[in-house]
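Atoms considered below: every heavy atom in the structure, side chains included; atoms not considered: hydrogens, waters and symmetry mates. Model, not experiment: these values are computed from the prediction.
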Amino acid sequence: MPVKFVRASLVALLVALGFTVPAPASAAPAAAAAAAATSCYGGAVTVHYGEVRDFGPYVTTSRCTDINMRMTGGDADYGWACVHFERAAAGTCNYWTKIGRSWTTIATDVLNGTRFTVPNGVDLEGSSATFQIAF
(Lines give C-alpha, C1' and ligand atoms only; values in the text may rest on other atoms or scores of the structure.)
Protein backbone atom coordinates (compact mmCIF):
# COMPACT_ATOMS: atom_id res chain seq x y z
CA MET A 1 0.00 0.00 0.00
CA PRO A 2 1.50 3.40 -0.98
CA VAL A 3 2.67 5.60 1.93
CA LYS A 4 0.62 8.60 0.70
CA PHE A 5 -2.57 6.53 0.80
CA VAL A 6 -1.82 5.30 4.33
CA ARG A 7 -1.14 8.86 5.54
CA ALA A 8 -4.32 10.19 3.94
CA SER A 9 -6.36 7.36 5.47
CA LEU A 10 -4.88 7.99 8.92
CA VAL A 11 -5.62 11.74 8.71
CA ALA A 12 -9.21 11.01 7.59
CA LEU A 13 -9.69 8.61 10.51
CA LEU A 14 -8.29 11.10 13.05
CA VAL A 15 -10.49 13.92 11.74
CA ALA A 16 -13.55 11.65 11.87
CA LEU A 17 -12.75 10.88 15.51
CA GLY A 18 -12.58 14.59 16.34
CA PHE A 19 -8.83 15.08 16.36
CA THR A 20 -7.42 18.19 14.71
CA VAL A 21 -4.55 18.03 12.29
CA PRO A 22 -1.96 20.82 12.71
CA ALA A 23 -1.20 23.06 9.77
CA PRO A 24 2.20 22.79 8.10
CA ALA A 25 4.97 24.68 9.92
CA SER A 26 5.24 27.28 7.12
CA ALA A 27 1.65 28.47 7.68
CA ALA A 28 2.42 30.18 11.01
CA PRO A 29 5.01 32.67 9.65
CA ALA A 30 2.76 33.44 6.68
CA ALA A 31 -0.19 34.08 9.00
CA ALA A 32 1.96 36.30 11.23
CA ALA A 33 3.15 38.32 8.22
CA ALA A 34 -0.43 38.73 6.98
CA ALA A 35 -1.57 39.90 10.43
CA ALA A 36 1.28 42.44 10.63
CA ALA A 37 0.44 43.79 7.17
CA THR A 38 -3.24 44.04 8.09
CA SER A 39 -2.51 46.04 11.24
CA CYS A 40 -0.06 48.28 9.36
CA TYR A 41 -2.44 48.98 6.47
CA GLY A 42 -5.41 49.19 8.85
CA GLY A 43 -4.03 52.48 10.16
CA ALA A 44 -3.60 54.03 6.70
CA VAL A 45 -4.68 57.61 6.04
CA THR A 46 -6.49 58.61 2.83
CA VAL A 47 -5.29 61.68 0.92
CA HIS A 48 -6.30 63.35 -2.35
CA TYR A 49 -3.84 64.63 -4.93
CA GLY A 50 -4.21 68.34 -5.60
CA GLU A 51 -5.60 69.32 -2.18
CA VAL A 52 -2.14 70.13 -0.79
CA ARG A 53 1.39 70.38 -2.14
CA ASP A 54 2.78 67.73 0.24
CA PHE A 55 0.84 65.14 2.23
CA GLY A 56 1.46 65.42 5.97
CA PRO A 57 3.14 66.10 8.24
CA TYR A 58 2.89 62.65 9.78
CA VAL A 59 4.73 60.84 12.57
CA THR A 60 5.66 57.18 12.15
CA THR A 61 4.17 54.61 14.52
CA SER A 62 4.98 51.11 15.71
CA ARG A 63 2.28 49.73 13.36
CA CYS A 64 4.68 49.66 10.40
CA THR A 65 8.44 49.45 9.99
CA ASP A 66 8.19 51.05 6.55
CA ILE A 67 6.18 53.86 4.98
CA ASN A 68 3.82 52.39 2.37
CA MET A 69 1.53 53.98 -0.20
CA ARG A 70 -1.00 52.95 -2.83
CA MET A 71 -3.46 54.61 -5.21
CA THR A 72 -7.10 53.80 -4.47
CA GLY A 73 -9.03 56.01 -6.86
CA GLY A 74 -9.04 58.73 -9.48
CA ASP A 75 -8.34 58.78 -13.20
CA ALA A 76 -4.53 58.86 -13.03
CA ASP A 77 -2.72 55.72 -14.18
CA TYR A 78 -0.14 56.09 -11.43
CA GLY A 79 1.40 58.61 -9.07
CA TRP A 80 4.85 59.58 -7.86
CA ALA A 81 5.88 60.04 -4.24
CA CYS A 82 8.95 60.43 -2.08
CA VAL A 83 9.46 60.92 1.65
CA HIS A 84 10.87 64.13 3.09
CA PHE A 85 12.08 63.57 6.62
CA GLU A 86 11.84 66.59 8.91
CA ARG A 87 15.56 66.54 9.71
CA ALA A 88 16.62 66.47 6.03
CA ALA A 89 17.57 69.62 4.16
CA ALA A 90 14.67 71.67 2.83
CA GLY A 91 13.42 70.47 -0.54
CA THR A 92 15.13 67.06 -0.39
CA CYS A 93 13.52 63.65 -0.18
CA ASN A 94 14.74 60.06 -0.20
CA TYR A 95 13.89 58.95 -3.79
CA TRP A 96 10.89 59.17 -6.12
CA THR A 97 8.81 56.01 -6.32
CA LYS A 98 6.10 55.15 -8.86
CA ILE A 99 2.83 54.40 -7.02
CA GLY A 100 0.20 52.12 -8.52
CA ARG A 101 -2.87 50.33 -7.21
CA SER A 102 -1.00 47.94 -4.88
CA TRP A 103 0.94 48.77 -1.73
CA THR A 104 4.41 50.10 -2.47
CA THR A 105 7.14 50.85 0.07
CA ILE A 106 8.35 54.45 -0.22
CA ALA A 107 10.75 54.38 2.78
CA THR A 108 12.18 51.41 4.67
CA ASP A 109 13.23 50.77 8.28
CA VAL A 110 11.96 54.12 9.60
CA LEU A 111 12.27 54.69 13.34
CA ASN A 112 9.09 55.22 15.39
CA GLY A 113 8.35 58.88 16.07
CA THR A 114 9.97 60.16 12.88
CA ARG A 115 8.25 63.24 11.38
CA PHE A 116 7.85 63.30 7.60
CA THR A 117 5.86 64.68 4.67
CA VAL A 118 5.18 63.07 1.29
CA PRO A 119 5.74 65.26 -1.79
CA ASN A 120 3.67 63.80 -4.64
CA GLY A 121 2.57 64.01 -8.24
CA VAL A 122 0.55 62.13 -10.86
CA ASP A 123 1.33 60.82 -14.34
CA LEU A 124 -0.49 63.60 -16.19
CA GLU A 125 -1.16 67.10 -14.85
CA GLY A 126 -4.89 67.59 -14.45
CA SER A 127 -5.45 63.97 -13.43
CA SER A 128 -7.06 63.12 -10.12
CA ALA A 129 -5.89 60.53 -7.62
CA THR A 130 -6.70 59.26 -4.16
CA PHE A 131 -3.94 57.60 -2.17
CA GLN A 132 -3.54 55.78 1.11
CA ILE A 133 -0.39 56.10 3.21
CA ALA A 134 0.40 53.56 5.93
CA PHE A 135 3.13 54.31 8.48
Side-chain angles (χ1 to χ4, degrees):
M1 192 176 295
V3 174
K4 286 183 182 180
F5 179 75
V6 172
R7 253 189 228 143
S9 298
L10 181 59
V11 168
L13 175 64
L14 290 173
V15 170
L17 293 173
F19 290 93
T20 58
V21 180
S26 62
T38 299
S39 65
C40 174
Y41 301 149
V45 297
T46 300
V47 291
H48 304 282
Y49 172 76
E51 289 181 354
V52 294
R53 181 178 156 166
D54 297 342
F55 300 137
Y58 304 112
V59 178
T60 57
T61 66
S62 60
R63 267 192 320 269
C64 306
T65 57
D66 302 328
I67 300 172
N68 304 283
M69 192 169 175
R70 72 175 175 174
M71 184 184 300
T72 59
D75 60 5
D77 289 331
Y78 57 88
W80 291 97
C82 67
V83 176
H84 174 252
F85 296 103
E86 184 179 71
R87 294 181 183 228
T92 62
C93 61
N94 60 347
Y95 48 86
W96 287 93
T97 304
K98 188 176 182 179
I99 308 299
R101 303 282 174 174
S102 25
W103 286 106
T104 303
T105 301
I106 60 174
T108 58
D109 298 324
V110 183
L111 296 174
N112 293 345
T114 302
R115 290 180 56 85
F116 69 97
T117 58
V118 180
N120 58 85
V122 293
D123 62 325
L124 184 62
E125 200 55 45
S127 294
S128 65
T130 302
F131 296 98
Q132 284 187 312
I133 305 172
F135 49 91

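For A76 against A129, the heavy-atom pair with the smallest separation is CB-CB, 4.2 Å. When all heavy atoms are compared, the tightest approach of A44 to Q132 is CB-CB, 4.2 Å. C64 and N112 make their closest contact through O-OD1, 4.4 Å (heavy atoms, listed as atom of the first residue, atom of the second, distance). Scanning both residues, G121 and Y49, for their nearest heavy atoms gives CA-CE1, 3.6 Å. Here the closest non-hydrogen pair linking A107 and V83 is CB-CG2, 3.9 Å.
Under the 3.5 Å distance criterion, the side-chain polar atoms of T104 are matched with a main-chain donor or acceptor of S102. Not a single donor-acceptor pair under 3.5 Å links the side chain of T130 to the backbone N or O of H48. For T114 (side chain) and T60 (main-chain N/O), no donor-acceptor pair under 3.5 Å exists by modelled atom type. Checking side-chain atoms of D75 against main-chain N and O of S128 turns up a donor-acceptor pair under 3.5 Å.
Criterion: ILVMFWY side-chain heavy atoms under 4.5 Å apart, direct or through other members. Under it, V52 and V47 are part of a common hydrophobic cluster. Put simply, V110 and V59 are part of two different groups of oily side chains (I, L, V, M, F, W, Y) that touch within less than 4.5 Å, one to the next. Transitive grouping of hydrophobic side chains (ILVMFWY, heavy atoms separated by less than 4.5 Å) keeps Y41 and F135 in distinct clusters.
Results of the side-chain contact (heavy atoms from CB on, under 4.5 Å) test with I106 over D66, N68, I67 single out I67 as the only residue that passes.
One finds the CG atom of L111 at 12.5 Å from the OG atom of S62 (value rounded to the nearest 0.5 Å). Distance OG1/T72 to CZ/F131: 8.5 Å, rounded to 0.5 Å. Between atom CZ of residue R70 and atom CD1 of residue I133 there is a gap of 12.0 Å, rounded to the nearest 0.5 Å. Note that NZ of K98 and CG of D123 are 8.5 Å apart. Values are rounded to the nearest 0.5 Å. Note: Y58 OH to R115 CZ = 12.0 Å, rounded to the nearest 0.5 Å.
Considering only residues two or more places apart in sequence or on other chains, A81 meets the side-chain contact (heavy atoms from CB on, under 4.5 Å) condition with M69, I99, V118.
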